[in-house]
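Read through the structure below, which is laid out as structure tokens, and then see the notes.
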Amino acid sequence: MKKIRTKLSIISFISLVICFLCAYWGYRSYKGLESINAQLMQATDIEANLRLATDLPFYRSINKNLTAYKGQLEPEYRDKLMKKIISAHNRKSRGRLKTAIKNFRKQEKRRTSYLKDNKSVYESRILSLAYVMGLSYLLTILFISLYTYSSVFRPLKSLSKRMIDFLDNRYTYQFRVPKENEVGELELNFHSLAQRVLNNIEELKSLDSAKSDFLNMASHELRTPLTSIKGSLILLQNGVIGEVNEKSKQLLGIAEVETDRLIRLINELLDLAKIEAGKFPLQQDWCSLDEVITNTLFSLEGLAATADVKLSYENKNKLVEIDKDRIQQVITNLMSNAIKYSPQKGTVRVAASLDNNNHILIEIIDQGKGISPEDQSLIFEKFRQASGPQNPIVKGTGLGLAIARAIVEEHGGEIGVHSRVGEGSTFHFTLPTWKEDTSAPDEEQNDDEGVAA
Amino acid sequence: MKILMAEDDMNIATIAKMALEALGGHEVVHVPDGEAAYNMTKKDTFDVVLLDEMMPKMNGLSVCKKLLSEGFDTPIIFLSAKSQATEISILESLASGFIPKPFDPATLASQIEKILEENE
């Protein structure tokens, strides 16, 4: 399948042969022209001498000039005629010389006109050969450019377009018999490649849908028995069956707390699995950042009171485009960690500002023990918690930060931590899409509606 | 209050029934699937209908749609483990209320009463 190369080689070869033939013929014609010119010059030369012989008869030098032609003239009849002239000249016979010259001139006139005809034939032949050569050159160029355009550049362009389509997920396979040449081969190879990639994607999709089926099934199947267990425990504690004594109540309490923990763990695992599988589409809306943070703080007040920790936040009057529930979950996870690791009488501060990229930056600042650098890189991974003794108020699942990271990244933001051992920790995350809240009641009105890129 | 409850999981049904009867002082009629729930509404009258979403024979959504199309005017509340916001909003738009599973049996009765008050 080397059609393009073969075609180009053939056309180049043909064009080369034509040029070579033209050049050869041209050379031959030029040579012929040269010899005709030489003969015509000789004829002029002879004529000059004959004129001298007529006007100034029987000079020695003229005799010598004429004798030089002896045996040199072609065809033979000219030589014979010349011999007659020479012998008349030798005999110094004026009448014979005149006749002989007359005869010679008669023949010569015919011959000169014949040569002149030939000369113009040669000249026009050389001109036509030049035309043919030029034309063949032009045609070759034209053919090569048209052929490479239609067989190479155009198909390459369309192939490149299909590749871009493929990259943009707009690729659909249309069966077309590819041309039997190098570009066709390339096209065929690309389609095989694309088909293979698409088949792999198809396989991944079916795996993905199996995963999502499993998640749905798991969330139902795992939650249902836990609902029953928890419900039973609560009903027992509430004395539905009869009075419960203190020790039983204590055991029921432990069972309930642990059931809650199991429910939380399962919910978080399923949430994380759903987010990672892309089965958790964000329900994004414009909402007040202050409201979201204040609500979250409100819901954490109980936990903060138990831990004897104060919570603080200063309003910023910004609107953010977020999935409210998800971002509340992020703040809750970060805040409950901060509360967990805070000393008694400590404060957990939430601050909102703009970072260097003009994104909203939310910081959760605690006064805890801080996190060692080696732990900082681990804590956002699943089931990783900072080493060392833990605050027993809330037993974590080890998934909170992993979920927070997944949600923040889904929003196009970044999450991280700054901390030094002994100096507390600052967890921060960014939200890229925001604008000023112009409906805010008591702050200065700010008109620059900057939605950050 | 007389409550019709459709729930296919017997354990959950028992807990909900106990919670509503022992803690809330209501009367509960339990049916195990959607079809039975639909038939029961024809036989008796209730103050509120509690429907599970995922049930055999006829799911909660179908029962709800069928009843509403027939002009059924008793409040319907969904008790469902559905967690997708879109699914929840569909259920909420049709019925009087939505109680997510797992529910707290201690407050189930008061949750139902609250929904009914809001719909007054």
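Numbered from 1 within each chain, the chains take letters A, B, ... in sequence-line order. Quick note: numbers below take in every heavy atom, side chains included, and nothing from hydrogens, waters or symmetry partners.
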Checklist entry - When you look at CD of A/Q250, are more than 12 heavy atoms from neighbouring residues, nucleotides or ligands closer to it than 6.0 Å? => result no
Checklist outcome for this item: For B/P105 and A/L235, the nearest pair of non-hydrogen atoms, with its separation, is CB-CD2, 4.0 Å
Next on the checklist: Restricting to non-hydrogen atoms, name the atom on B/N11 and the atom on A/S228 that form the minimum distance, rounded to 0.1 Å.
Outcome noted: CB-OG, 3.4 Å
Checklist outcome for this item: Applying a strict 4.5 Å limit to non-hydrogen atoms, the region of B/L23 in contact with chain A is side chain
Item to check | Crowding at CD, B/Q111 (>12 non-hydrogen neighbours, <6.0 Å) | outcome: yes
Item to check | Heavy atoms from other residues, nucleotides or ligands near CD of A/E243 exceed 12 (cutoff 6.0 Å) | outcome: no
Checklist entry - Does atom NZ of B/K42 have more than 12 heavy-atom neighbours, drawn from other residues, nucleotides or ligands, at distances under 6.0 Å? => result yes
Item to check | A/K249 atom NZ: more than 12 heavy-atom contacts under 6.0 Å | outcome: no
Checklist entry - Looking at A/N238, A/T224, A/D325, which makes the most heavy-atom pairs under 4.5 Å with chain B? => result A/T224
Item to check | Nearest-0.5 Å distance, OG1 of residue A/T227 to CD1 of residue B/I12 | outcome: 4.5 Å
Item to check | B/L108, B/T107, B/D104 screened by side chain to side chain contact (heavy atoms under 4.5 Å, CB included) with A/I234, the one that passes | outcome: B/D104
